[in-house]
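Notes follow the structure.
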Amino acid sequence: MAASVHSEDGDLGFQIAPMVDVVFVLLLFFMAVVGVKELMLPAIISSPGAGAPTVIRIDITEAGVISANDTVCGDETNHAVPELRSWLKTAMSVGAADPVVIHPAPGTRQERIIDVLNACAAENVKGVSFN
């Protein structure tokens, strides 16, 4: 005979053990998320007494032309982007904690975005984000 879902005593009622497990997992998740944000904040915030960090904006057009803070730093033909690398080296020597925001146009090719990310990595740029 097949086993019954209900016992002879009736309904088992609300089980607390699975609920405690779920709450524990949620607690661990939120603790991990808060820990990550606390680790990332000091890299973006400048030291006390200094001014607010200057945001370095790198624009990429659909054609592949790169400009950093309105200074043209590369055309669509060169994948090494030496102009951008030298510009970033100069900018990072002035303010090493300045965040970099990459702003590609909607139709920009992905390989051009990778070229910019490679240039940022070559110059040890920290705090890169997209807008």
Looking at D59 and S67, would you say the former's side chain and the latter's main chain have a donor-acceptor pair under 3.5 Å? no
Between L84 and V116, does the side-chain contact (heavy atoms from CB on, under 4.5 Å) criterion hold? Intermediate values first, please. CA-CA 8 Å; L84 178 62; V116 172; 4.1 Å; yes
Atom CG of D70 with >12 non-hydrogen neighbours under 6.0 angstrom: no
After noting the C-alpha distance and the side-chain angles of V22 and F24, does the key distance pass the side-chain contact (heavy atoms from CB on, under 4.5 Å) rule? CA-CA 5 Å; V22 170; F24 182 67; over 6 Å; no
Within the 4.5 Å heavy-atom criterion, are D21 and V25 side-chain neighbours or not? no
Kindly indicate, with the supporting measurements, whether the criterion side-chain contact (heavy atoms from CB on, under 4.5 Å) is fulfilled by V81 and R112. CA-CA 10 Å; V81 199; R112 199 59 179 160; 4.1 Å; yes
Tell me every residue that passes side chain to side chain donor-acceptor pair (under 3.5 Å) with R109, counting only those two or more places apart in sequence or in another chain. E111
Test your reading of the model: is there a side-chain donor-acceptor pair from R85 to the backbone of A119, 3.5 Å cut-off? no
Partner set under side chain to side chain donor-acceptor pair (under 3.5 Å) for Q15, not counting sequence neighbours: none
Could you state the interatomic distance from NE2 (H103) to OG1 (T108), rounded to the nearest 0.5 Å? 9.5 Å
Could you work out, with side chain to side chain donor-acceptor pair (under 3.5 Å) as the rule, every residue matching E83, not counting sequence neighbours? none
d(I56 CD1, L88 CG) to nearest 0.5 Å is 6.5 Å
Can you give me the closest heavy-atom contact between C120 and V128, atom names plus distance? CB-CG2, 4.3 Å
Quick one: does any side-chain atom of T61 pair with a main-chain N or O of V65 as donor and acceptor, under 3.5 Å? yes
Any side-chain heavy-atom pair of N131 and I102 under 4.5 Å: no
Whether T90 side chain and S86 backbone form a donor-acceptor pair below 3.5 Å: yes
Closest heavy-atom contact between F130 and I113? CE2-CG2, 3.7 Å
Single-linkage hydrophobic cluster I58~I114, side-chain heavy atoms < 4.5 angstrom: yes
